[in-house]
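Here's the structure we're looking at; comments come further down.
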Amino acid sequence: MTNIRNFSIIAHIDHGKSTLADRLIQKAGLVEDRDFRDQVLDTMDIERERGITIKTQSVTLPYVSRDGREFELNLIDTPGHVDFSYEVSRALASCEGVLLLVDASQGVEAQTLANLYAAMEHDLEIIPVINKIDLPSADIDRVKEEIEADLGLDSDQAILCSAKEGTGVDDVLEAVINQIPPPSGHSDGPLTALIFDAHYDPFRGTVVSCRVFTGHIRPGDTLRLMSTGGTYKVEEVGLFRLPREPKDELKAGEVGYIIAGIKTVGDTRIGDTITLDTDPAPDPLPGFKEVKPVVFSSIYPISTEDYQNLTDALEKYKLNDAALIYQKDSSAALGLGFRCGFLGLLHLEIVQERLEREYGQSIIMTVPTVEYHFTLTNGDTLSVDNPLYYPDPVTIEKAMEPYIRASILIPERYMGVVMDLGLERRGVNSKFNYPTPGRIEVQFDLPLAEVIYDFYDRLKTVTQGYGSFDYDLLDYRAGDVAKVDILLNGEKVDALSQIVHKERARTRALQACERLKEEIPRHMFKIAVQGAIGGTIISRTTIPPFRKDVTAKCYGGDISRKRKLLEKQKKGKKRMKMIGSVTLPQSAFVAVLKSEGK
Amino acid sequence: MNDTKKPGLYVHIPFCRSKCPYCGFYSVPSTSLVPRWLEALQKEIIHYKDRFDRFDSLYLGGGTPTCLDVGSLRKIMETLFDHFDFAADTEMTIEANPGDLSEENIIALKDIGFNRISLGVQAFDDRTLSFLGRTHTALEAEKALKNLRSFGFENIGLDLIYGYEGQTVKAWKNTLEKALSFQPEHLSCYELTFEKRTLFSRWKEKGIIKPLTEKELSTLFPTTSEFLQDHGYIHYEISNFAREMTYASRHNQKYWRHIPYLGLGPSAHSFQDSTRWWNVRSIRAYCKALESGEAPIEEHESLTKEQFILESISLGSRTREGFDLNEIPPDTLSTENLSKLQDAGFIRIQDNRVIPTQTGFLMADHLPLLLV
């Protein structure tokens, strides 16, 4: 066990985590250089495009140290976004140490801090690594200062590296074996193994990623998932090389996979403890939590005939994403669909993109919302995550909405605008930390609903890209809410309704009308777009009718071009939804959520 | 209605005295490449020998065909006559710049065999002409029109442009009235469009020229149509008017009816047997290809049945002929949409043809989308 090291790389988004992981994998010789494509661990297109890791993967790297000792290094990848903080925490619980990556020109950011605290909570050895030192804008001295002051770490220990160029990577590996302690725990006690991830393999079913803390597990054993009580016969265990490498057993201290005929990823719970059915551990490992969705939205097929296809696609998708929950839903405007729950806005976007890209679905997603809790005059309580089920306003005694603790790290000069943004979004209990001269960490309690409403975009805008953001869910607090409906030519479109804070209702309704005016193409007739609370119209705009759409010339050289344009428009039209007599593009359904146009 | 199915022949003359800032057609403002290009054109003509049936329309467009000297024009025509077969009553059009039409040139054009002139008048006042970058004056245009008549041209068409900043309905009507005083057989009235790759489109982006609003333009279009119809003209295509249908451009109608046509010269388009192909948009590349024995084709496409139908609907939406429902597979158009558009006054159905109304014309680009 002394030759095992379990570690993660943690970093703010874009600080080079995936690139460093790639270099480590390359150094270990797991991938032939010629087969190497960037970001080996980020297997999804979306991950590579957006530069974020969505699904964790781990890999076991063979390593021979400078002094000739052989090691097995388990690199446990972590998702790089605030929506997935629970997954991060489980990955960290599986480690003894982390590489805390800081960009040499950007310095310490909000997620660096959040990650640091998370690592400290798990009592991990923290090795600061300053990455991207090859950049002309790299300012190593300043970043070292920030590491001392913001993070309270010894900056002399910081390793300088450029994952892109490969410099310093050897030093990183040496630090991993020398500074991170080997795992402890006995291989002969009852089995406790922590599930930190699960993937779906179409041929083998669920592949569980786990860290064994005590005991051992072999093919033929019957495992038990402690939270659900489910038992499964172990078919295969092994290490994550690239690809998987079966082994006779996994034992205490090791990180690897288990295949045990578990049908879907949803049958496992991240953070759950695996034990043996015959010799169960008395207690599960600490920290298990059911992950609950916090953002809700409905998915409808554009064409109602595609409902069955969408059903199949969601089922397949769900095999690999336990965090997504869904149930049947129906809307007067959009027909049959699904109400879905997501971990956050990014998670929602990922699901949308993957359904469209990988599963070929043309879908409409409705305005995301949070879950509100209502106490009614008759004493009943009601949870509502769908504007369709908003209770009759006269029966509402009290409404509660979820709050988060937002942490925003900015250069001092943006304090004013960030404070304004916080207040504008109903932020309370603001608190300031001054980690280093010139930088401020602003904390707010914010209604989650306000974060869903283009908060990231606004934060980026007001801080010119310098603000970084992290959050934790807090609690439910009283809030005065109302349902804003949208009417097109007097007809209510249920899928466009949103629940908003009363103070904000008029502005929101007006913005929604304006956005719809931009998104809805002109028709042959005038379209009145109205926002209403109950029977009261609170905003209104008009989309003027088409007057003219004809080009003067059409001779030999114009015909093909004209036809191609028509073909494109025809295709676009297929992706539109007819509501009453009005045709709405997909984009209209979420556009109501944006405060500014494109 | 002119029911010929015979193919048409187009020759693109890619030369101009100067480039008009609104024009998106391919041409260069220099005649230095004319000799080389003439040689190449001969080769292209020979290349297409025997590949088309007898033509009954010939159209020299550009560019500015009349910026070639009479000798070159004569040579082109002779080569065409040598290698292609033409019907006895072939419509032979040449686009002409008023500034190029001296009495001698008019006589020569007649002698070469042209029986139809399309005159690029554009406007009848010098301020507008200079805004449009035209090199001729209003007086030259008037003189050319008179001379064309007196030297025996019996089929004269003239081109006008409307819809630029500052133009009032009244001013436009005056222009039309002036045009009508020459009793042209044919009128093309083009709304000013901002074509890609033109100075005007760049000026529009920079805010140097402001286009008229949709509302203003949507008034000018019916004004033009009503005014000319009141004076006995037939509005037979979005931008085209004929005193009688016999004067409607036989050649141009082939484009709108999927009748075969052969286009020679750089950037020219051809169509035959559901296939369309087009030449490179460069004189040098055009010459080079032909000099090395290759066709100067940039691209070709074979229309699927579906594409062919979409084009029929789209082109039919722009002419008073409309399109024939018998030629459209029944599941392409919904009867519901047809009756909706009829009720809304965009189309009428007559002898199983869908025919756009005046309002329909205003929406011609959009109609196909509402139909399919």
Side-chain angles (χ1 to χ4, degrees), chain A residues 302-305 335 362 488-489 491 517-528 541-588 598, chain B residues 8 10 12 24-26 61 161-163 188-193 195 213-215 217-219 221 237-239 252 254-256 258 261 263 267-271 276 278 281 299 301 303 306-308 310-311 313-315 317-318 341 344 346 360-370 372:
Chain A
I302 288 193
S303 160
T304 45
E305 302 122 54
S362 294
L488 296 177
N489 276 350
E491 204 177 315
K517 185 176 173 175
E518 283 169 24
E519 295 290 337
I520 299 174
R522 285 189 296 166
H523 285 54
M524 310 306 285
F525 44 84
K526 193 163 88 175
I527 302 169
T541 174
T542 308
I543 301 170
F546 249 136
R547 287 177 187 279
K548 167 182 169 297
D549 186 11
V550 59
T551 40
K553 268 201 279 283
C554 183
Y555 297 113
D558 304 305
I559 298 169
S560 286
R561 193 166 8 110
K562 219 177 188 64
R563 190 203 66 241
K564 280 175 194 159
L565 177 68
L566 269 175
E567 285 170 335
K568 209 177 121 198
Q569 289 171 325
K570 231 178 98 182
K571 230 169 140 189
K573 204 178 115 183
K574 275 205 186 130
R575 293 171 64 82
M576 301 246 208
K577 189 83 198 170
M578 278 290 280
I579 295 195
S581 52
V582 181
T583 320
L584 269 80
Q586 259 175 315
S587 53
K598 280 177 275 182
Chain B
Y10 176 78
H12 189 74
F25 289 107
Y26 175 67
I161 294 178
Y162 69 90
S188 296
C189 299
Y190 296 113
E191 177 196 306
L192 177 65
T193 43
E195 310 258 348
T213 62
E214 193 182 289
K215 196 175 166 188
L217 289 171
S218 65
T219 322
F221 184 84
E237 194 258 1
I238 298 296
S239 304
N252 285 341
K254 297 188 193 295
Y255 297 127
W256 307 325
H258 277 140
Y261 44 89
S267 82
H269 284 59
S270 305
F271 182 77
R276 188 176 287 117
W278 50 94
R281 204 182 152 94
E299 221 181 303
E301 61 178 8
L303 299 186
E306 211 183 1
Q307 289 176 320
F308 190 92
L310 187 61
E311 284 190 1
I313 295 173
S314 151
L315 294 168
S317 299
R318 298 176 58 89
L341 287 168
F346 290 106
F361 266 176
L362 254 182
M363 285 290 164
D365 286 359
H366 199 65
L367 265 186
L369 284 174
L370 299 174
V372 296

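It should be emphasised that the depicted structure is a prediction, and the values quoted were computed from it without experimental measurement.
Proximity to chain A is limited to the side chain of B:Leu303, based on heavy atoms less than 4.5 angstrom apart. Proximity to chain A (any heavy atom under 4.5 Å) is restricted, for B:Phe346, to the side chain, taken from C-beta onward. For B:Leu315, the part sitting under 4.5 Å from any heavy atom of chain A is the side chain, from C-beta outward, and nothing else.
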Which side chain or backbone donor-acceptor pairs connect chain A with chain B at less than 3.5 Å?
| from | atom 1 | to | atom 2 | distance (Å) |
| --- | --- | --- | --- | --- |
| A:Arg522 | NH1 | B:Glu214 | OE1 | 3.2 |
| A:Arg522 | NH1 | B:Glu214 | OE2 | 3.0 |
| A:Arg522 | NH2 | B:Glu214 | OE1 | 2.5 |
| A:Arg547 | N | B:Glu214 | OE2 | 3.0 |
| A:Lys548 | NZ | B:Glu191 | OE1 | 2.9 |
| A:Lys548 | NZ | B:Glu191 | OE2 | 3.3 |
| A:Asp549 | N | B:Leu362 | O | 2.7 |
| A:Asp549 | O | B:Ala364 | N | 3.3 |
| A:Asp549 | O | B:Asp365 | N | 2.9 |
| A:Thr551 | N | B:Asp365 | OD2 | 3.1 |
| A:Thr551 | O | B:Arg318 | NH1 | 2.9 |
| A:Thr551 | O | B:Arg318 | NH2 | 3.0 |
| A:Thr551 | OG1 | B:Asp365 | OD2 | 3.1 |
| A:Ala552 | O | B:Ser239 | OG | 2.7 |
| A:Ala552 | O | B:Arg318 | NH2 | 3.0 |
| A:Cys554 | O | B:Trp256 | NE1 | 2.7 |
| A:Tyr555 | OH | B:Tyr190 | OH | 2.5 |
| A:Tyr555 | OH | B:Asn240 | ND2 | 3.1 |
| A:Ser560 | OG | B:Arg276 | NH1 | 3.1 |
| A:Ser560 | OG | B:Glu301 | OE2 | 2.4 |
| A:Lys562 | NZ | B:Asp365 | OD1 | 3.4 |
| A:Arg563 | NH1 | B:Glu301 | OE2 | 3.0 |
| A:Arg563 | NH1 | B:Glu311 | OE2 | 2.7 |
| A:Arg563 | NH2 | B:Glu301 | OE1 | 3.0 |
| A:Glu567 | OE2 | B:Gln307 | NE2 | 3.0 |
| A:Lys573 | NZ | B:Leu369 | O | 2.4 |
| A:Lys573 | NZ | B:Val372 | O | 3.1 |

Exercise for review: Apply side chain to side chain contact (heavy atoms under 4.5 Å, CB included) to the pair B:Ile238 and A:Cys554, showing each step before the final yes or no.
Suggested key: CA-CA 9 Å; B:Ile238 298 296; A:Cys554 183; over 6 Å; no
